[in-house]
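Below: one structure, written as structure tokens.
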Amino acid sequence: MFAGLAAASAVVVLISAYLGDVFDEPLVSKFGRNHEAATALSFAALSFYVYFLVVYFGFQSSAFFFLTLQAMYYLPIPFLTDFADAFQVEFLVFHMLFFLILNIAFMVVFPPSQMSLPTPQDRRPDGNTNHLLAIAIAVVSILMTALYYQANGGLIYQRSGAAALIADTRLSYYANGKYTYAGYANQFKNLLLPMSLVIWLTSLTGNWRRLAILPTIVIIFLATTGTGQRAPLMFAAISLSVFSVFYYRYRLTVRQIVIFLIVIQAFGFLSSLQGRVTEFSIFASFSELFQRRFLVNQSANLETYWYVVERGHRFGLDWIQDILSLAPSIKPDTLPRELFGVLWGSSDRGNSPPSLVTTLYFNFWIPGLLILPFLMAWAARAIDKRLRSNNTCKTQVMILAFMLIALSSWTSGSILTVLNAGLITFLLYFLLSRIKLKSRAVSRY
């Protein structure tokens, strides 16, 4: 069903774009990029690509989710490249080479057909210690989230006035000198909070679960979108969907499609609130979402690639600086702020990190482009094996689902991007869940 829906979507989008005359203008010209045509072609290419992923790997596979999210970044690049610009052509070649090697790596590491997933009844059950751990983490996360918003002037929804004022408020949360410290708070409000709350929610039964569903959704929505950023909500929604696929063995159903549409409308509502779209509508929500995924980061990386080239090879110094910046007293590499300044004329309001391939090449040359794809495939395969194991309990499936999406979304920046996305947090949570389960098992004897 999913493969057929993907192929049909591609055909419908191409026909609609053709009838809408969106291809009348060239994809790239001196007047700019044809965003509508690039978005339509990118969505069609992604849909056909997803069709083959489903046929080869299956929908219930880590390879499917990993490669789909990666393709959202790499497939649109050919439709955005100005072939008269030597820098952009070089950018295209490096990125398509990386994406090709990534696909080869997954085909080598993953078998064409996957083992069936165990049912929830077949898995190792969550013990009382896991439930207590989830409750403790949820309480601490809610407290940390409340303290964070209190220190930064409250939720964005408490602001009133024009969209421009709301946009300024959004930027003030994460584009000022205190961003490093906000990164620590994000581990609680964007990651641990939705993970632990949903684990707690699924431990309830009957009327208690029905009573807790709405408050849980509201808390997660406010926590992940309270700064005006939309990405944390999408990250949590995708991760929770992956959890449902691997734990409850969900397949694509009408209910899943409805939930997906609701999340997109929430994304559109935030876009309207921030003034990114002139009005809130179903079409505008879809358009803003797909343009955000297919155009924004890719176009920014294309426009600033020349600056990275002139900076020259870095011999790994950028990655070393970013790793050291995990200490609060050390700042990360300044390149993302410099690139933001190249794009917008000022470097004090945000960051525009280079693409993963760009920073990889200028720090580790061609060997970096050859080695990292296989490391990514190996990591995804290791997660996939854990997700399919009967010894993996519900808490661990949740952690692994979030970890998989964090790795799958790594298309920009250095290793710091994955660390900020919660890799260390996930590993610590996973370790705690294993220790608790081991101690419970030993006590039986």
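Given the structure is predicted, the values throughout are model-derived calculations rather than measurements.
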Salt bridge (Lys or Arg N to Asp or Glu O under 4.0 Å): which pairs involve residues 311-323, sequence neighbours left out? R311-D318, R311-D333, R314-D318
Test ring-ring contact (aromatic ring centres under 6.0 Å, His included) applied to H313 - qualifying residues, sequence neighbours left out: Y361, F362, W365
Side chain to side chain donor-acceptor pair (under 3.5 Å) with Y56: which residues, sequence neighbours excluded? none
Kindly write out the residues that satisfy side chain to side chain donor-acceptor pair (under 3.5 Å) with Y307, not counting sequence neighbours, or none if the list is empty. E338
Under the side-chain contact (heavy atoms from CB on, under 4.5 Å) rule, collect the residues that match up with S412, sequence neighbours excluded. P353
Could you tell me if the ring centre of F91 sits under 6.0 Å from that of H95? yes
Walk me through whether W410 and I415 qualify under side-chain contact (heavy atoms from CB on, under 4.5 Å). CA-CA 9 Å; W410 187 19; I415 188 65; 4.0 Å; yes
F98: which residues meet the ring-ring contact (aromatic ring centres under 6.0 Å, His included) condition with it, sequence neighbours left out? Y74
With sequence neighbours excluded, what pairs up with Q321 under the side chain to side chain donor-acceptor pair (under 3.5 Å) test? none
Residue set satisfying ring-ring contact (aromatic ring centres under 6.0 Å, His included) with F243, at least two apart, ordered chain then number -> Y247, Y248
Residue list, side-chain contact (heavy atoms from CB on, under 4.5 Å) with L147, at least two apart or on another chain: L143
Ring centres of F64 and F57 under 6.0 Å apart? no
Tell me, which pairs form a salt bridge (Lys or Arg N to Asp or Glu O under 4.0 Å) where one or both residues lie in residues 297-308, sequence neighbours left out? R33-E303
Does F106 have any ring-ring contact (aromatic ring centres under 6.0 Å, His included) partners at least two apart in sequence or in another chain, and if so, which? F66, F110
So, using side chain to side chain donor-acceptor pair (under 3.5 Å) as the criterion, who are the partners of N103 when residues are at least two apart? Y49
Pair F59 + F65: ring centers closer than 6.0 Å: yes
